[in-house]
Amino acid sequence: MDTVDLVRANLLSPMVLAFVLGVVARLVRSDLKLPEGIYAALSIYLLFAIGLKGGVSLSLTPAGEVWLPALAAVVFATIAPVWIYAVVRGVARMSVADAAALAAHYGSVSVVTFTAAIAFLDTLGVPYEGYMPALVALMEIPAIVVALMIARVQAPPAAEHTPVSWHTVLHEVLAGRGSVLLIGGLSIGLLSGAGGFAQVAPFFDAPFKGVLVFFLLEMGMVAAGRLGDLRRAGAFLVAFGILMPIAHGALGAALGWMIGLSPGGSTVLGVLAASASYIAAPVAVRIALPEANPGYYLTATLAITFPFNLAVGIPLYHAIAGLIHAW
Amino acid sequence: MDTVDLVRANLLSPMVLAFVLGVVARLVRSDLKLPEGIYAALSIYLLFAIGLKGGVSLSLTPAGEVWLPALAAVVFATIAPVWIYAVVRGVARMSVADAAALAAHYGSVSVVTFTAAIAFLDTLGVPYEGYMPALVALMEIPAIVVALMIARVQAPPAAEHTPVSWHTVLHEVLAGRGSVLLIGGLSIGLLSGAGGFAQVAPFFDAPFKGVLVFFLLEMGMVAAGRLGDLRRAGAFLVAFGILMPIAHGALGAALGWMIGLSPGGSTVLGVLAASASYIAAPVAVRIALPEANPGYYLTATLAITFPFNLAVGIPLYHAIAGLIHAW
Amino acid sequence: MDTVDLVRANLLSPMVLAFVLGVVARLVRSDLKLPEGIYAALSIYLLFAIGLKGGVSLSLTPAGEVWLPALAAVVFATIAPVWIYAVVRGVARMSVADAAALAAHYGSVSVVTFTAAIAFLDTLGVPYEGYMPALVALMEIPAIVVALMIARVQAPPAAEHTPVSWHTVLHEVLAGRGSVLLIGGLSIGLLSGAGGFAQVAPFFDAPFKGVLVFFLLEMGMVAAGRLGDLRRAGAFLVAFGILMPIAHGALGAALGWMIGLSPGGSTVLGVLAASASYIAAPVAVRIALPEANPGYYLTATLAITFPFNLAVGIPLYHAIAGLIHAW
Amino acid sequence: MKTVPLKLVTIVAEAVLEDRLVRDLEAAGARGYTVSTARGRGSRGVRASDWEGGNVRIEVLVTDAVSDEVLHLLAERYFPHYAVVAWVERVEVVRGNKYV
Amino acid sequence: MKTVPLKLVTIVAEAVLEDRLVRDLEAAGARGYTVSTARGRGSRGVRASDWEGGNVRIEVLVTDAVSDEVLHLLAERYFPHYAVVAWVERVEVVRGNKYV
Amino acid sequence: MKTVPLKLVTIVAEAVLEDRLVRDLEAAGARGYTVSTARGRGSRGVRASDWEGGNVRIEVLVTDAVSDEVLHLLAERYFPHYAVVAWVERVEVVRGNKYV
Ligand SMILES: Nc1ncnc2c1ncn2[C@@H]1O[C@H](COP(=O)(O)O)[C@@H](O)[C@H]1O
Ligand SMILES: Nc1ncnc2c1ncn2[C@@H]1O[C@H](COP(=O)(O)O)[C@@H](O)[C@H]1O
Ligand SMILES: Nc1ncnc2c1ncn2[C@@H]1O[C@H](COP(=O)(O)O)[C@@H](O)[C@H]1O
Ligand code: NA
Ligand code: NA
Ligand code: NA
């Protein structure tokens, strides 16, 4: 399949179409909405299930095989916010807080984009390293911490404002439900192994993609609610929300190739690099950097980057990974 | 199996028994209740899953095979409200609003009754046309629109009341969550096809009847809450709530036979014709015809027709379809 | 496997680890919490699913095989509160209300502990009588009623307080959602049989242990929230919360052996005897014995006995049952 | 707009009490009530049904006489043993006559 | 702390009305609103959407003029046919100027 | 029925703030609080956690002094950057002494 075919196949998957349905539902002002607790329940399910699968795969992988990808993932997630921050400040002259907020979101990863990529590869029958979900857990937090540190250093809070303490911020990131579920699921998967997972697989494995459909339906509605902000966001944000993922996607895929991942694994690493966080980063940024405008970071991640990655990015990074590996 | 056997087999299915349990729970004033969001979540699941299955079946059916049943379904749903209105006005001398409200509910269809019928046929091993769920989506809306039009024509709103605008009413019906989920699910099923569906079937297909059990448990509780209204409702409503479905069930089954459906398909069309809407119609009627008394239309649909169809109607229409086809 | 091995295997099951994760999440003050309705939905699911399975198994078991275990279960649950009350009053000199509250909780059974035991036996491949879930339904209520009667007799409510009427109390226990779901599920399973169950098994059977994982996650969080009370609770409560289950576990296992259950069945009866109620008893006690201090009965059941049974008790009672049967 | 002055009594109580409270309120003369779900912390801390649904928040529009009656029954039947908080304020009610 | 006196209008209505009510409130001049989910019983008893989500409880902080306007539109468009209850009280609002 | 006059402070804020607000309220002297879930719209519009649970609505019964303290800390720590609305009213509290 060439890229256009891949895009077409991807666009017609139930997950992507559910996102589109969500957008349409909002645009026609339907009264459709997932009940309050359901969205939260779905996200708890997805985070925990991904952690669990990652842990089980880790328990089956020799440590010698994992350390290099793990290290690469952490290093990428740690230094990516630095250049994101520099680009945003340099090119768009946004405030320190706004630039740091974007760095936190784009340096971290999106669990939903990751799962969409997995579904995409599964459908194509492309194999990838089983421990990839573990990388999600590793790449979620570092960028957020680094970006918030940058903000503190670059614009120390004014004396008259008691800023949120470092301790609170770190707590928010590390004990946030995203981290607890991912890392907790990972640990449980690791400790209980394939035998333990087999007991709960009918709940955490088989229905996974179906749950994702509802999750994407809701994300479509939320993203559509942000479309109005797009106009106000301006050209920079739109360009940033598309070009930054492409650059990161290519970089991630190349990195995957360098450290010896399979083409599928390189695709996933590209997707992780290209994706922007929707669960951990917004909460942490809102609390630690309240002066950053959510109209920028939420609009960019939700209304631009997420749909772009879902529809075009995932097959694109797969094609790029294919080229790099074939080269 | 003769009809009595069918009724007995049907009465002992987990779905029907769950409805009974709901009634009992309410009658003994149990504190059992589904949490607020859960009922809404279950109904979103059912509507979307039915749409999806219908769409997938449609994608596998040559258009030449579908157009006639589709046309028949739409025609029935469009003209049924006219005679329902005439009967209610003529026989019971109800107000214009009350008659139109009943016409909207009984001309439209019940998704839950439909799924109970499918479960019934599946258990018996009776085949039916795969695209039947698509007919649900087609038959949901027309009767509501026609019935509301009848009400407007027969009793133009008094000058001093600004009535709800037509635009609002149509929007309510077409963009209501019932329509969006059914039609959206249908489109997604159609576009992503059997391959796409296979990915999400462990979520949308396998657990379907189990979810239905909880839905019926809740409906039993709601219906029991309306039993008090039954006495007030009077003999006409009880007779209407039983005889109208039987007439429609026979008519639908005959229509199915005429247009060449299988006996199973004719049963389903009979059930659709006989069923009354619980999701789209009540909301639309409440908004567009607030002067109609919910004590009539909700009591008739929920406390009379729904349990009747569930327990007796479905096997009865199946027997009727059998007779017609054997004849 | 010896007991230590069993404990280790048990401790590394996804269910037990999920409980631990819940405790950790609360201790690190994570914002993780199951949305309000979800916990209730999970418990409805578990109660109904257990009832259903018990009913189906009963429908497959000749009555002659069931009556003795059923009788033994009811007799145990009826007289256990008497000695629990005596021990608590005699040894700890607690108030009548507090002693009766503990008797109600420890004489009744825990559905979650039961399901954890079933999962444990399934993992080991140990067979047990299929009708065990039916015993859960039988053992849930008697102890609560007896304990409340003891409280009434021992400390008649003061004249100036209108106490809650017996009628209200009995209603609370019998029509409480725990009873309605267990007994309702049981009846549905009995009436619809294996054929009916097959239709809904993909929802009520396959994902069961996965659902249990989330339930235990929440219970871990709730239990951790009670750890602070542990210090205040004092040594008696800790000792009681561990020794009473061990005594009951051994007694239940012996009883199982006496009435001819398999080793697996004896284990389950031991677990039921050893477990303390978290669903029916707290609500009934709160309403009928408001002067009993929840700081005692909730802390003992949730923060001491439940984790003890989950981690150590279940394999211990299994070992005891093994010894008795081998003897 | 013509309004009628009435008392609004707000009761926050543990969720297990909902049914009984509502029955008692109606017996005391309330013509209607509104319930929502809440959670909270108070001096009492421990709640019976910690993981059973938290608190409910019940609002009743009533006349002065019924308000007194309601406070009275709260004091007698609920305050001694349960986690219950209640407050009263004067509000202007539209279509207020239907509550009298 | 400087506060501004405003009217707080609380509306309890059947859930199907939420969207329309909110649109009408904004048209009447409300600068914001807060909605929560509720259930209840009133003189009317029957609710259209019995199993469709119960009631909503809407709070709006408004000036006296807007308050009158809101009550007026409730009386005209909602009270005749729907289950709606509304009451008004005077409150002190922090940062109150943004609602004027 | 003997009641005690107290201030009822109602705070509507974005949900991510719940834990911090509650901690600050207790530090300011509140003896308890009641939280419910809400959604809404205000002048600010954009909410950080748009799909993360909407708003919370927190009610605290407090003395006049604590009320001032609470408004003060809202003004200082929350109003500048967050979507927060707060209002105060006088209510009569049953068993009011326990909040003083
Ligand atoms: N000062 C307060 N302000 C607001 N709500 C309170 C206050 N104190 C207690 N509550 C509520 O009343 C419930 C019971 O309080 P208590 O009886 O003091 O444990 C708590 O869970 C809170 O929801
Ligand atoms: N006296 C009352 N106090 C508080 N809420 C009420 C009262 N009467 C009615 N309500 C609320 O308003 C809704 C509609 O009432 P109604 O129009 O009387 O049926 C009910 O569902 C209740 O939530
Ligand atoms: N005029 C108002 N009346 C009632 N609630 C309001 C009002 N304005 C704002 N709110 C609530 O306060 C939240 C934050 O408002 P804002 O800071 O103006 O965006 C909103 O989401 C609403 O829930
Ligand atoms: Na990234
Ligand atoms: Na019909
Ligand atoms: Na026990």
Side-chain angles (χ1 to χ4, degrees), chain B residues 8-42 45-46 49 115-116 118-125 201-218 220-221 224 311, chain C residues 34-45 47-49 51-53 55-56 59 167-168 170-208 210-211 279-280 283-284 286-287:
Chain B
R8 199 181 309 132
N10 186 44
L11 285 180
L12 296 182
S13 77
M15 294 94 198
V16 174
L17 292 172
F19 183 87
V20 174
L21 179 59
V23 172
V24 170
R26 184 56 61 95
L27 293 184
V28 302
R29 292 189 297 110
S30 169
D31 64 344
L32 174 65
K33 60 174 173 245
L34 291 199
E36 269 156 39
I38 296 298
Y39 173 88
L42 295 183
Y45 172 88
L46 290 179
T115 55
I118 293 297
F120 173 78
L121 294 178
D122 287 350
T123 308
L124 295 187
F203 183 69
F204 287 113
D205 196 17
F208 189 82
K209 286 176 199 168
V211 173
L212 197 56
V213 163
F214 274 138
F215 199 85
L216 286 168
L217 181 66
E218 172 80 8
M221 291 191 273
Chain C
L34 291 199
E36 268 157 38
I38 297 299
Y39 173 88
L42 294 183
S43 81
I44 289 174
Y45 172 90
L47 288 163
F48 187 77
L52 206 56
K53 286 186 212 177
V56 173
S59 79
H167 177 255
T168 303
L170 274 181
H171 179 263
E172 203 63 49
V173 180
L174 291 168
R177 69 190 171 82
S179 314
V180 167
L181 287 165
L182 273 178
I183 299 174
L186 199 81
S187 315
I188 293 179
L190 205 51
L191 289 169
S192 61
F197 187 66
Q199 298 178 48
V200 296
F203 183 69
F204 286 113
D205 196 17
F208 190 82
V211 173
I279 292 180
V283 174
R286 187 63 184 143
I287 285 185

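These numbers come from the heavy atoms of this one structure, side chains and all, not from hydrogens, waters or symmetry mates. Within every chain, numbering begins at 1; the chains are lettered A, B, ... in the order of the sequence lines, protein sequences first and strands thereafter. Everything numeric here is computed off the predicted structure, so don't read it as measured data.
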A.B. asks: Against chain C, label B/Val28 side chain, backbone, both or neither, depending on which of its atoms sit under 4.5 Å from a heavy atom there.
C.D. replies: both
A.B. asks: Parallel, tilted or perpendicular for C/Phe48 and C/Phe204, by the 30°/60° rule?
C.D. replies: tilted
A.B. asks: Out of B/Leu217, B/Val211, B/Leu212, which one pairs with B/Phe214 under the side chain to side chain contact (heavy atoms under 4.5 Å, CB included) rule?
C.D. replies: B/Leu217
A.B. asks: Where on B/Phe208 is there a heavy atom nearer than 4.5 Å to chain C: the side chain, the backbone, both, or neither?
C.D. replies: neither
A.B. asks: Do you know which of C/Gln199, C/Glu36, C/Glu172 has the most heavy-atom pairs under 4.5 Å to chain B?
C.D. replies: C/Gln199
A.B. asks: Would you indicate whether the side-chain heavy atoms of B/Met15 and B/Thr115 approach each other to under 4.5 Å?
C.D. replies: no
A.B. asks: Can you check whether C/Ala175's main-chain N or O pairs, donor with acceptor, with B/Ser30's side chain at less than 3.5 Å?
C.D. replies: yes
A.B. asks: Has the side chain of C/Ser179 got a donor or acceptor atom that lies under 3.5 Å from a matching backbone atom of C/Val173?
C.D. replies: yes
A.B. asks: If I measure from the heavy atoms of chain B, does C/Leu181 come under 4.5 Å with its side chain, its backbone, both, or neither?
C.D. replies: side chain
A.B. asks: Heavy atoms only, distances under 4.5 angstrom: which of B/Asp31, B/Val20, B/Leu11, B/Val16 has the most pairs with chain C? Name it, please.
C.D. replies: B/Asp31
A.B. asks: Is C/Tyr45 in contact with chain B via its backbone, its side chain, both, or neither, using a 4.5 Å heavy-atom distance?
C.D. replies: both
A.B. asks: Is chain C contacted by the side chain of B/Leu34, its backbone, both, or neither, given a heavy-atom distance below 4.5 Å?
C.D. replies: both
A.B. asks: How close do B/Pro14 and C/Gly196 get, heavy atom to heavy atom, and via which atoms?
C.D. replies: CG-O, 3.4 Å
